[in-house]
*Asks:* 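The structure under discussion is supplied below as structure tokens; questions concerning it will follow.
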Amino acid sequence: MRTLTSAELKQHLGEHLERAQREPAMTSKNGRLYAIILGKEEYERLQALEDQYWGQRALNAQSSENYASHEEAMAILQE
């Protein structure tokens with residue numbers, strides 16, 4: 001993964017945004033990692049993976065014996 005300084009990013013923003021569609025880049029500011037730039041498609045792919053992960057965790061929780069329905073949870077909280 002490429003590392004860009006904030007000055008490099010600022011000077012050539014358009015070029016780096018185009019390149020981020022193909023490969024992510026790290027940006028640094030004052031010598032410290034500041035942000036990651038990645039393309040929209042890669043971001044959407046990562047979001048879909050996260051949604052899948054949490055969806056599976058929810059399904060696993062529902063099938064466990066310790067699962068409390070919404071109504072049961074609200075009743076416990078109101079006690």
Side-chain angles (χ1 to χ4, degrees):
M1 186 180 310
R2 297 176 297 130
T3 301
L4 310 165
T5 65
S6 57
E8 289 171 326
L9 180 61
K10 185 176 178 180
Q11 290 171 354
H12 304 283
L13 180 61
E15 175 186 325
H16 293 301
L17 290 177
E18 279 295 318
R19 193 167 174 188
Q21 301 305 310
R22 298 182 301 278
E23 66 170 316
M26 294 186 287
T27 61
S28 63
K29 186 174 183 178
N30 299 325
R32 298 180 67 184
L33 178 62
Y34 192 73
I36 305 290
I37 300 171
L38 56 121
K40 181 180 177 285
E41 287 182 8
E42 180 65 4
Y43 174 79
E44 290 172 347
R45 186 185 73 80
L46 292 172
Q47 284 296 116
L49 283 173
E50 184 176 17
D51 290 347
Q52 181 182 3
Y53 170 79
W54 288 111
Q56 189 59 53
R57 294 257 337 234
L59 291 174
N60 292 346
Q62 278 183 325
S63 64
S64 82
E65 60 190 51
N66 297 325
Y67 175 75
S69 69
H70 174 72
E71 292 79 16
E72 292 168 327
M74 291 305 293
I76 291 168
L77 290 172
Q78 290 175 354
E79 290 177 0

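Predicted model only: the values in this text are computed from it and were never measured.
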*Asks:* For Glu41, check side chain to side chain contact (heavy atoms under 4.5 Å, CB included) against everything at least two apart and list the hits.
*Replies:* none

*Asks:* State which residues pass side-chain hydrogen bond (donor to acceptor under 3.5 Å, both in side chains) with Glu44; sequence neighbours excluded, sorted by chain then number.
*Replies:* Lys40

*Asks:* Throw together a table of side-chain donor-acceptor distances under 3.5 angstrom for residues 51-58, partners on residues two or more places apart or in other chains.
*Replies:*
from  : atom 1 : to    : atom 2 : distance (Å)
Tyr53 : OH     : Arg57 : NH1    : 2.9
Gln56 : NE2    : Asn60 : OD1    : 3.0

*Asks:* If the condition is side chain to side chain contact (heavy atoms under 4.5 Å, CB included), which residues does Ser63 pass it with, not counting sequence neighbours?
*Replies:* none

*Asks:* Atom CG in Leu59, atom OG in Ser64: separation rounded to 0.5 Å?
*Replies:* 11.5 Å

*Asks:* Is the OH atom of Tyr43 crowded by more than 12 outside heavy atoms at less than 6.0 Å?
*Replies:* no

*Asks:* Enumerate, atom names and distances included, each donor-acceptor pair closer than 3.5 Å involving a side-chain atom of residues 11-18, sequence neighbours excluded.
*Replies:*
from  : atom 1 : to   : atom 2 : distance (Å)
His16 : ND1    : Arg2 : NH1    : 3.2

*Asks:* Applying side chain to side chain contact (heavy atoms under 4.5 Å, CB included), can you list everything that pairs with Ser6, at least two apart in sequence or on another chain?
*Replies:* Lys29

*Asks:* Write down the atom of Glu8, the atom of Thr5, and the distance for their closest heavy-atom approach.
*Replies:* OE1-N, 2.8 Å

*Asks:* Working to the nearest 0.5 Å, report the span between CD of Gln21 and CG of Leu38.
*Replies:* 9.0 Å

*Asks:* Could you pull out all residues at least two apart from Lys10 that satisfy side chain to side chain contact (heavy atoms under 4.5 Å, CB included)?
*Replies:* none

*Asks:* Tracing side-chain links under 4.5 Å among I, L, V, M, F, W and Y, which residues wind up in one group with Tyr34?
*Replies:* none

*Asks:* Quick one, Thr3 and Thr27 - any side-chain contact, counting heavy atoms below 4.5 Å?
*Replies:* no

*Asks:* Please tabulate, one pair per line, all N/O donor-acceptor pairs under 3.5 Å involving side-chain atoms of residues 68-79, not counting sequence neighbours.
*Replies:*
from  : atom 1 : to    : atom 2 : distance (Å)
Ser69 : OG     : Glu71 : OE1    : 3.4
Ser69 : OG     : Glu72 : N      : 3.2
Ser69 : OG     : Glu72 : OE1    : 3.3
Glu72 : OE1    : Ser69 : N      : 2.7

